[in-house]
Trainee: 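Sending over a structure as structure tokens; questions will come in a sec.
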Amino acid sequence: MENNLQPQQKVTKHEIILTKNTGGGKKGLKVILIVVGALAALLLIFGVFVWMQMTRMHNRDYCFVVAPEVAIVEKGEEGSFTQAGKAVYGEKFLLGEGSSKSGKKYMEIKGFSEGHALAENKRKEYFLLLDNDDDVTSEYHYDDYSNIFTSKETQNLPAYIKKGIVQYVWDKRSSESNSLMSIVFTQNPDRLRHVIAYGDFDTDGQDDDVGVVLESGDGGGSCYQLVLCYNDDTRKAYIAYQETLYCNVTISGFRKGALIFMDSETLVKAPNDGIIQLLPSTYHNNKYAILYAPASRAFEAFTQKPKSEIEADLYDEVDYYEEMHREEDAAPDHPEEEIDETDEVI
């Protein structure tokens, strides 16, 4: 009988090892893919982080000049500076690191606005010479400056006064929960001459204070009168007096010694600089002197009339209202009219 059984084949050691590693190879590939994916995710996160940092630096470093003008200085070999030019309101620069010296701030210029005459000389180091940080503002905040200071007269205001006005607008938006609130200077050139006044309103001996009248940008008829004074310690402007009115207001400055009424019967010499506020002629009392009053140690508004006339006006108002009430009390009661029931009542 023929034997059909095949002899059992021998399996070599190498084949046994290869067979065992076949399942392990799939697991190893899976681990490699997980590691590669994790590295890719980390690289993506790192890239996003770097992009955010670069964006923050971009927003911080690009600045606009908001002072009427600032000097551009060139750095010499031994650290000395010589004036090389100037930058005017609205010019844009890419700024680097800053340093202070003798009360001034030097901001390194990394890039000039397009077409600037000094932009071609790339071998020299140039700096903006600033009186303080308010001489420049970020690209983000410049929108508010460009909306408020649209004329040569307003652009020539000191940078610290501009910053004080912009801060006032920000505070008004916040207090009234209206991020779109618009407060601007008048666009009327004739009126613009009568809404800015300069003087030494805080009596510190420096003509570095400014009175302004702003108005609602939406045509609502509101006017905002401010007196902004410069603080030598903080090197910032602060609002020393503010008033909201609902009519067209004009102002003009007067000097110490000018003749005004200060709750007095006769004209007296003003103890310091101040502002004349003029309301429309339809107002009974339409002229006021606004100034720092030494007696109260605060800004006050004084009606520009003798004290006796002011008191007489008050008595006249009291008499007027009392007469109105007497007429109302004396008026006879009207009997109710009988209704003809044949008529239709609507």
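Just so you know, these numbers use all the heavy atoms, side chains as well, and skip hydrogens, waters and symmetry mates. Since the model is a prediction, treat every value here as computed from it, not as a measurement.
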Trainee: Do Q155 and S151 have a side chain donor and acceptor closer than 3.5 Å?
Mentor: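 No - no donor-acceptor pair under 3.5 Å links their side chains.
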
Trainee: About how many Å separate CD of E311 and CG of D313, when rounded to the nearest 0.5 Å?
Mentor: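 Answer for the CG-CD pair, D313 versus E311, is 10.0 Å.
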
Trainee: Does a side-chain heavy-atom distance below 4.5 Å link I183 with E215?
Mentor: no

Trainee: So that I can tick it off, tell me whether R193 and E153 are bridged by a salt bridge, with the cut-off set at under 4.0 angstrom between side-chain N and carboxylate O.
Mentor: no

Trainee: Take L192 and V195, measure what side chain to side chain contact (heavy atoms under 4.5 Å, CB included) needs, and give me the verdict at the end.
Mentor: CA-CA 6 Å; L192 189 60; V195 295; 3.8 Å; yes

Trainee: Evaluate whether atom NZ of K307 has more than 12 neighbouring non-hydrogen atoms of other residues, nucleotides or ligands under 6.0 angstrom away.
Mentor: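 Atom NZ in K307 is not packed in, count stays at 12 or less.
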
Trainee: For a quick test of reading the model, state the closest non-hydrogen atom pair linking P280 to C247 and the distance between them.
Mentor: CD-SG, 3.7 Å

Trainee: Are M181 and I239 connected in the hydrophobic side-chain network, where two residues link if heavy atoms are under 4.5 Å apart?
Mentor: yes

Trainee: Between S264 and T266, is there a donor-acceptor pair closer than 3.5 Å when you use the side chain of the first and the backbone of the second?
Mentor: yes

Trainee: Ignoring hydrogens and angles, state whether a donor on the side chain of N285 or K305 is under 3.5 Å from an acceptor on the partner side chain.
Mentor: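 Per modelled atom types, N285 and K305 side chains form a pair under 3.5 Å.
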
Trainee: Specify the closest pair of heavy atoms between C229 and D209, including all atoms of both residues, with the distance to one decimal.
Mentor: CA-OD1, 3.2 Å

Trainee: Determine, stepwise, if the pair Y246 / T244 fulfils side chain to side chain contact (heavy atoms under 4.5 Å, CB included).
Mentor: CA-CA 7 Å; Y246 301 95; T244 301; 3.9 Å; yes

Trainee: Is there a continuous path of hydrophobic side-chain contacts, each under 4.5 Å between heavy atoms, that joins V184 to I161?
Mentor: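 Shared cluster, no.
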
Trainee: Would you say that more than 12 heavy atoms from the other residues, nucleotides or ligands in this model lie under 6.0 Å from the CD of Q83, or not?
Mentor: yes

Trainee: Pick from F149, F64, F93: which one makes a ring-ring contact (aromatic ring centres under 6.0 Å, His included) with Y142?
Mentor: F64

Trainee: Between L228 and F201, is there a side-chain heavy-atom distance shorter than 4.5 Å?
Mentor: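 A side-chain contact under 4.5 Å is absent here.
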
Trainee: Can E108 and Y106 be counted as having a side-chain donor-acceptor contact under 3.5 angstrom?
Mentor: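 There is no such pair (donor and acceptor under 3.5 Å, judged by atom type) between the side chains of E108 and Y106.
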
Trainee: Any side-chain heavy atom of I72 within less than 4.5 Å of one from I109?
Mentor: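 A side-chain contact exists here, since the closest heavy-atom pair is under 4.5 Å.
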
Trainee: Do I148 and T154 have side chains that get closer than 4.5 Å, going by heavy atoms?
Mentor: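 No - every pair of side-chain heavy atoms lies 4.5 Å or more apart.
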
Trainee: State, to 0.1 Å, how close G257 and K269 come at their nearest heavy-atom pair, and which atoms those are.
Mentor: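 Heavy atoms only, the tightest pair is O-CG, 3.7 Å.
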
Trainee: Indicate yes or no for a side-chain donor-acceptor contact from D273 to the backbone of R255 under 3.5 Å, with no hydrogens or angles considered.
Mentor: no

Trainee: Do M107 and Y160 belong to the same hydrophobic cluster, where Ile, Leu, Val, Met, Phe, Trp and Tyr are linked whenever their side-chain heavy atoms lie under 4.5 Å apart, directly or via other members?
Mentor: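 No, it is not one cluster - the side chains of M107 and Y160 are not joined through contacts under 4.5 Å.
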
Trainee: Rounded to the nearest 0.5 Å, what's the gap from CG on N272 to CG on D202? Could you check?
Mentor: 9.5 Å

Trainee: On the 0 to 90° scale, with breaks at 30° and 60°, tag the Y126-F112 ring pair as parallel, tilted or perpendicular.
Mentor: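 Ring orientation of Y126 relative to F112: perpendicular.
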
Trainee: Quiz question: by atom type and distance under 3.5 Å, do the side chains of E265 and S308 form a donor-acceptor pair?
Mentor: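 Looking only at side-chain atoms, S308 and E265 do form a donor-acceptor pair, the distance falling under 3.5 Å.
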
Trainee: Kindly compute the distance separating CG (L95) from OG (S138), expressed to the nearest 0.5 Å.
Mentor: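 Taking CG in L95 and OG in S138, the distance rounds to 11.5 Å.
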
Trainee: Would you kindly confirm whether L259 and M262 end up in one hydrophobic cluster when ILVMFWY residues are joined by side chain heavy atoms under 4.5 Å apart?
Mentor: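 Different clusters: L259 never reaches M262 through Ile, Leu, Val, Met, Phe, Trp or Tyr contacts under 4.5 Å.
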
Trainee: Can you tell which of T250, L214, V213 makes a side chain to side chain contact (heavy atoms under 4.5 Å, CB included) with C223?
Mentor: V213

Trainee: Which pair of heavy atoms, one from N231 and one from D233, lies closest together, and at what distance?
Mentor: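 Answer, listing the atom of N231 first, then D233: OD1-N, 2.8 Å.
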
Trainee: Using ring pair (Phe, Tyr, Trp, His ring centres under 6.0 Å), reason through F127 and F81 one step at a time and then give a plain yes or no.
Mentor: CA-CA 9 Å; F127 293 76; F81 292 93; 5.4 Å; yes

Trainee: Can you name the nearest heavy-atom pair linking D131 to R235, along with the distance?
Mentor: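 Heavy-atom minimum between the residues: O-NH2, 2.8 Å.
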
Trainee: Side-chain contact test, heavy atoms from C-beta onward, threshold under 4.5 Å: evaluate it for E91 versus V88 and give yes or no.
Mentor: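 A side-chain contact exists here, since the closest heavy-atom pair is under 4.5 Å.
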
Trainee: Taking the side chain as C-beta and beyond, is there a heavy-atom pair between Y198 and I275 under 4.5 Å?
Mentor: no

Trainee: Given the rule that I, L, V, M, F, W and Y join up when any side-chain heavy atoms are under 4.5 Å apart, are V66 and Y168 in one cluster?
Mentor: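 As far as the 4.5 Å side-chain criterion goes, Y168 and V66 are connected within one cluster.
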
Trainee: State, yes or no, whether a side-chain contact exists between V166 and H141 at a heavy-atom distance under 4.5 Å.
Mentor: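 No, too far: nothing below the 4.5 Å cut-off.
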
Trainee: Please report the interatomic distance OH(Y230) to CG(D204), rounded to the nearest 0.5 Å.
Mentor: 10.0 Å

Trainee: Should we count NZ of K172 as having more than 12 external heavy atoms under 6.0 Å?
Mentor: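 Enclosed: over 12 neighbouring heavy atoms sit under 6.0 Å from NZ of K172.
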
Trainee: Are I251 and V212 side-chain neighbours, meaning at least one heavy-atom pair lies under 4.5 Å?
Mentor: no

Trainee: Testing K287, Q304, Q225 one by one against Q277 for a side-chain hydrogen bond (donor to acceptor under 3.5 Å, both in side chains), which residue passes?
Mentor: Q225

Trainee: For the residue pair P68 and K162, what are the closest heavy atoms and their distance?
Mentor: CD-NZ, 3.9 Å

Trainee: Quick one, D135 with V65, criterion side chain to side chain contact (heavy atoms under 4.5 Å, CB included). Give me CA distance, side-chain angles, the key distance, then yes/no.
Mentor: CA-CA 6 Å; D135 287 346; V65 173; 6.0 Å; no

Trainee: So that I can tick it off, tell me whether D144 and K163 are bridged by a salt bridge, with the cut-off set at under 4.0 angstrom between side-chain N and carboxylate O.
Mentor: no

Trainee: Supply the atom-to-atom distance H194 NE2 to T186 OG1, rounded to the nearest 0.5 angstrom.
Mentor: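 Atom-to-atom, H194:NE2 and T186:OG1 are 11.0 Å apart.
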
Trainee: Would you mind checking if D133 and K236 are paired as a salt bridge, meaning a charged N to carboxylate O distance below 4.0 Å?
Mentor: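 No, K236 and D133 are not salt-bridged.
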
Trainee: Report the C-alpha separation of F185 and I196 in whole Å, then their side-chain angles, then the decisive distance to 0.1 Å, and conclude whether the side chain to side chain contact (heavy atoms under 4.5 Å, CB included) test is met.
Mentor: CA-CA 10 Å; F185 278 96; I196 301 174; 4.1 Å; yes

Trainee: Hey, could you give me the CG/CD distance between L226 and E243, rounded to the nearest 0.5 Å?
Mentor: 10.5 Å

